[in-house]
Amino acid sequence: MLSNQQIATIFSNIADMLEIMGESKFRFLSYRRASETISELPRDLAAYVEDGTLEEIPGVGKAIADKIRELLHTGQLAYYEKLKTQVPETLVEVMKVNGVGPKKAKLFWDQLGVTTLTALQEAAAAGKLRDLPSMGAKSEAKILESIAALSRQTGRFPIGRVRPTAEAVLKELMTVEGALEGTLAGSLRRGKTTIGDVDILIASESSAPLMERFVNVPRVARVLGKGETKSSIETDSGLQIDLRVLKPSQWGTALQYFTGSKEHNIRIRELALAKGYSLNESAFTPVDADGSIIPDAPKVTCAREEEVYEFLGLPWIPPELREDSGEIEAALQGKLPNLITRADIVADLHMHTTWSDGTLSIRGMAEQAIQRGHRYICITDHSRSLGVANGLSIERLMQQHEEIQQLNEEFEGRITILHGTEMDIKADATLDFPDDVLAQLDFVIASLHVSLGQPRAQITDRLLAAIHNPHVDLIGHPSARYVPDREPVDADWDAVFDAAAKTGVALEINSNPRRLDLDAPYARRAIELGIPLCINTDAHSPTMLDDLTYGLTVARRGWVTAQHVLNAKPLPEFLTWARARGT
DNA sequence: GCCGTTTTCGGCCCGACTGTTTTCAGTCG
């Protein structure tokens with residue numbers, strides 16, 4: 001059975017191949033849109049086929065739905081196979097080279113027979129590209145450099161690696177004389193899990209000093225472009241950063257525009273057109289019925305982003321929601337969710353100490369949690385079978401219980417320490433502690449750590465076994481993925497979520513930037529099914545307690561509000577919930 | 001190829017930068 005990701009890749013390839021063939025742009029854009037939507041879906045495509053809701057997925061009409069069904073049933077697509085006889089599929093890779101689009105790819109193929117990245121590299125190295133029409137020595141050198149850059153990096157970067165770098169660059173630029181206002185925009189502002197490149201916006205009346213400083217910040221490996229309003233650099237780790245400098249009077253429209261997403265902005269501009277305005281990054285411009293600019297009609301500029309939405313009759317939409325996944329409709333109906341914030345979080349229910357593989361004592365973690373404003377925490381060290389992490393035997397677990405009781409007396413209510421465990425769901429689907437031990441704990445997390453490559457049926461059985469145990473309160477990092485280097489486990493998520501909804505077991509949004517698990521589309525599906533969530537840090541050291549911000553970002557992208565989240569509840573309310581379980 | 005409080009046909013967002021031109025096409029976001 002093909003995965004959503006595999007099918008998304010096929011549609012993306014089809015889009016690229018149609019574009020190379022010079023097909024109508026609306027046709028190939030449809031495939032690209034479908035590809036993007038499919039790769040973000042929280043359920044397997046097969047589940048939509050079963051429900052008969054395939055064509056309710058935005059961007060999936062009859063033709064693409066038919067192709068999805070064919071792919072799921074036969075594992076192949078006749079249309080795609082036929083296309084491959086007309087355009088070499090490997091040209092899709094060639095198009096990934098910076099500066100090479102569909103036209104150039106076709107040019108190299110037609111004129112030189114180049115169909116692969118390697119062939120392109122050889123042709124460029126041999127100086128064969130420079131004599132082609134509209135090419136020159138400069139373009140040839142740029143292509144060679146881009147191919148080298150491609151092999152250095154692996155595509156998108158995890159947000160946890162990008163955000164600190166981006167914030168440092170922004171901070172440095174804001175020290176330049178004349179920098180009035182500055183922010184990170186693009187996918188970073190929207191909080192995506194992985195970031196393709198960084199967009200920095202700065203409002204200033206004079207751009208030259210900013211551009212000059214920008215191309216000389218530390219760790220610049222290459223300057224990709226330098227203009228009056230936009231410059232681009234690549235850092236030594238292969239991350240691209242774009243800086244745009246704009247007039248303060250246009251700050252609102254520009255911030256809205258460069259925050260994206262592209263899909264959200266297309267909808268916003270359609271709304272503007274319906275009101276008789278063309279919208280770009282600098283203003284609303286009055287246009288007539290066929291879209292031509294009306295001469296001498298006054299433009300509307302927005303210094304604040306809220307004004308852009310206000311002008312269209314919308315409330316301000318939080319950046320995390322701007323993916324054209326229902327937020328425009330919700331805004332029009334006044335039904336935007338009141339997204340969870342840091343201020344709503346009063347507890348952290350997943351952390352480790354020196355009892356297992358953490359770096360700090362229980363007392364130390366509690367003090368750190370107090371500094372961060374938490375009212376209660378739960379100590380959840382690993383269980384006995386996880387030897388590599390110094391997992392606790394039943395005896396040590398009981399000793400830990402005593403230490404926690406003593407500490408609670410000592411802290412005199414400044415914080416409440418609950419006793420829990422992060423218990424392994426073992427490879428044979430049994431749990432690492434017996435029920436009578438679990439019954440003595442305040443809070444039980446069950447997690448997958450081993451045998452993650454098992455087939456779908458086994459992984460699903462393990463998750464279901466944990467969910468159906470009455471003492472288990474939370475499934476920790478449910479998919480066990482690492483961003484970007486370990487795929488999620490293969491499970492029947494429909495079955496897992498249904499079971500969680502029926503039993504009332506909570507699911508975790510793990511804030512560790514390597515995990516971010518559940519991811520946002522799954523979190524959104526969880527709350528739609530009424531499944532409680534927990535946003536935890538899984539901290540193994542005090543600084544990791546600050547990763548909460550990443551988990552909150554995921555939650556906000558998943559439309560999560562405070563009422564969906566267990567660790568946003570006051571302690572008595574949380575205890576009522578926890579004690580109602582396990583019976 | 002998708003989609004519909006104008007539409008089942010005829011629409012489908014916008015501009016900067018680059019390198020090659022000698023006024024613009026291609027690429028990118």
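If you're wondering where the values come from, they're calculated on a predicted model, not measured in any experiment. Reminder, nothing fancy here: chain letters follow the sequence lines and each chain counts from 1.
- Using a 4.0 Å heavy-atom cutoff across all strands shown, Ala137(A) reaches sugar-phosphate atoms only and no base atom.
- Ionic pairing of Glu172(A) and Arg213(A) is present here: one or more N-O contacts between side-chain nitrogen and carboxylate oxygen are shorter than 4.0 angstrom.
- Of the N and O atoms on the side chains of Tyr309(A) and Gln256(A), at least one donor lies less than 3.5 Å from an acceptor on the other residue.
- Relative to the six-membered ring of Phe11(A), Arg32(A) misses at least one condition, a distance below 6.0 Å or an angle of at most 45° to the axis.
- Among the protein residues, Ile268(A) comes within range of no part of the nucleic acid, since none of its heavy atoms lies under 4.0 Å from any strand.
- Rounded to whole Å, the separation between the P atoms of dT27(B) and dT20(B) comes to 13 Å.
- Of the C1' atoms belonging to dC3(B) and dT8(B), the separation is 9 Å, rounded to the nearest Å.
- Close to dC28(B), at under 4.0 Å from its OP1 or OP2, lies a side-chain N or O of Asn98(A).
- Rounded to a whole angstrom, the distance from the C1' atom of dT18(B) to that of dT23(B) is 15 Å.
- Looking at heavy-atom distances under 4.0 Å, Lys67(A) makes contact with sugar-phosphate atoms alone, never a base.
- Here, dC14(B) and dC9(B) have their P atoms 26 Å apart, quoted to the whole Å.
- If you measure from atom CZ of Arg32(A) to atom P of dG29(B), you get 12 Å, rounded to the nearest angstrom.
- Straight-line distance from the CG atom of Leu201(A) to the P atom of dG29(B): 15 Å, rounded to whole Å.
- Side-chain contact between Leu54(A) and Ile64(A): absent, with no pair of heavy atoms (C-beta onward) separated by less than 4.5 Å.
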When you compare the protein's N or O atoms with those of nucleotides 15-17 of chain B, which come within less than 3.5 Å of each other, and at what distance?
from	atom 1	to	atom 2	distance (Å)
dG15(B)	OP1	Asn280(A)	ND2	2.8
dA16(B)	O3'	Thr229(A)	OG1	2.8
dC17(B)	OP1	Glu228(A)	N	3.4
dC17(B)	OP1	Thr229(A)	N	3.0
dC17(B)	OP1	Thr229(A)	OG1	2.8
dC17(B)	OP1	Lys230(A)	N	3.1

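- Nucleotides dC17(B) and dC12(B) have their P atoms positioned 27 Å apart, rounded to a whole Å.
- Between Leu132(A) atom CG and dG19(B) atom P there is a gap of 17 Å when expressed in whole angstrom units.
- Around the CG atom of Asn338(A), the shell of radius 6.0 Å holds no more than 12 heavy atoms that belong to other residues, nucleotides or ligands.
- Under the rule for a side chain to side chain donor-acceptor pair (under 3.5 Å), the partners of Asp242(A) that lie at least two apart in sequence or sit in another chain are Ser232(A), Gln240(A).
- Applying the 4.0 Å criterion to OP1 and OP2 of dT18(B), one finds that Ser139(A) has every side-chain N and O outside that range.
- For the P atom pair drawn from dT6(B) and dG1(B), the interatomic distance equals 28 Å after rounding to whole Å.
- Remark: dT8(B) base-pairs with no nucleotide; criterion is Watson-Crick or G-U wobble with both hydrogen-bond distances under 3.5 Å.
- Atom CG of Leu246(A) is separated from atom C1' of dC14(B) by 16 Å (rounded to the nearest Å).
- Ion pairing of Glu70(A) with Lys67(A) is absent here, as no side-chain N (NZ or NE/NH1/NH2) approaches a carboxylate O to less than 4.0 Å.
- Straight-line distance between the C1' atoms of dC28(B) and dT22(B): roughly 24 Å, to the nearest whole Å.
- Glu234(A) places its CD atom 14 Å from the P atom of dC28(B), with the value rounded to the nearest Å.
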Just the atom pairs and distances: protein N or O near nucleotides 3-11 of chain B's N or O, under 3.5 Å.
from	atom 1	to	atom 2	distance (Å)
dC3(B)	OP1	Gly59(A)	N	2.8

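- Of the listed nucleotides (dC14(B), dG1(B), dT20(B)), dG1(B) has the atom at the smallest distance from the side chain of Tyr79(A).
- Among residue pairs with one or both ends in residues 310-325 of chain A, those qualifying as salt bridge (charged side-chain N to carboxylate O under 4.0 Å, His left out) are Arg33(A)-Asp324(A), Arg190(A)-Glu323(A), Arg267(A)-Asp324(A), Glu305(A)-Arg322(A), Glu320(A)-Arg556(A), Glu323(A)-Arg557(A); sequence neighbours excluded.
- Across the protein-nucleic acid pair, Asp197(A) atom CG and dC28(B) atom P stand 12 Å apart, rounded to whole Å.
- Legend: residues meeting side chain to side chain donor-acceptor pair (under 3.5 Å) with Tyr522(A), ordered by chain and number and at least two apart, are absent.
- Among the nucleotides dG1(B), dC28(B), dG19(B), the one closest to the side chain of Arg27(A) is dG1(B).
- When each of Leu29(A) and Ala63(A) is assigned the nucleotide of DNA chain B with its nearest heavy atom, Ala63(A) is the one assigned upstream, toward the 5' end.
- Per the geometry, CD1 belonging to Ile38(A) stands 13 Å off C1' belonging to dC2(B), to the nearest Å.
- Rounded to the nearest Å, the gap between the P atom of dT21(B) and that of dA16(B) is 24 Å.
- Heavy-atom distances to DNA chain B give each of Met135(A) and Lys104(A) a nearest nucleotide, and the one nearer the 5′ end belongs to Met135(A).
- Evaluation of the ring-ring contact (aromatic ring centres under 6.0 Å, His included) rule for Tyr277(A) yields Phe311(A) as partners, not counting sequence neighbours.
- As rounded to whole Å, 10 Å separates atom C1' of dT20(B) from atom NZ of Lys138(A).
- A side-chain N or O of Glu89(A) and one of Tyr80(A) form a donor-acceptor pair less than 3.5 Å apart.
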